[in-house]
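One structure is given here, and the rest of the page talks about it.
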Amino acid sequence: MYLPVDLLAFAAPRIFVNGQEVPDAGWGDTFIPLAPGIYRVRVCTAGLRWAKFIGLQRLSDDFGFTDAFLPVPHDHNTRTYYRSPIVAMLPGALDPRPQKSPGMLWFYIVASIFAVFVGFMAYAVIANLAGW
């Protein structure tokens, strides 16, 4: 299943710290106050909850699950970046450095094949109209 990136504006990420969901998580910076220690963080992209009411059950499922154990030192912040995948079957990316969306290579390959196909179709239509 492919979920266009602009639809992600309607689906917020879901963040779990040691199994407890963080309320009011959204795209952008989300500050989670924690005591020093090591925490298991699980992040996914929430599905479009309204999609199941119009017959698109697969779009309502959460996707892009990823896990990490993150250390939180005393008197410091631990900045972590999450990127949702381009293809819902892939895991997301969670790392201390900004990441690219998983599945971009797949997207570029499919888009290239589609562009070549459209080019051949345009050539066929023009050749037919020109009588070549």
- Sequence neighbours excluded - side chain to side chain donor-acceptor pair (under 3.5 Å) pairs with any residue from residues 28-39: D29-R79

[X], [Y]: one ILVMFWY side-chain cluster at the under-4.5 Å cut-off?
| X | Y | value |
| --- | --- | --- |
| L90 | I86 | yes |
| L94 | L34 | yes |
| F65 | Y82 | no |
| I15 | Y81 | no |
| M121 | V118 | no |

- Item | Heavy-atom side-chain contact between P73 and T78 under 4.5 Å | yes

- Query: Does the side chain of V116 reach to within under 4.5 Å of the side chain of F120, using non-hydrogen atoms?
  - Reply: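 V116 reaches F120 side chain to side chain.
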
- Non-neighbouring partners of D95 that pass side chain to side chain donor-acceptor pair (under 3.5 Å), sequence neighbours left out: R97, Q99

- Item | Main-chain N/O of R83 paired with S101 side-chain donor or acceptor, under 3.5 Å | no

Side-chain donor-acceptor pairs under 3.5 Å in residues 16-24, sequence neighbours left out?
unit_1 : atom_1 : unit_2 : atom_2 : d
N18    : OD1    : R40    : N      : 2.9
E21    : OE1    : R14    : NH2    : 3.1
E21    : OE2    : R14    : NE     : 3.0

- Should we count CD1 of I38 as having more than 12 external heavy atoms under 6.0 Å? no

Which pair of non-hydrogen atoms, one from [X] and one from [Y], has the smallest distance, and what is that distance?
| X | Y | value |
| --- | --- | --- |
| A12 | G26 | CB-CA, 4.4 Å |
| G92 | P102 | C-CG, 3.9 Å |
| C44 | F63 | CB-O, 3.5 Å |
| P91 | P85 | O-CB, 3.7 Å |

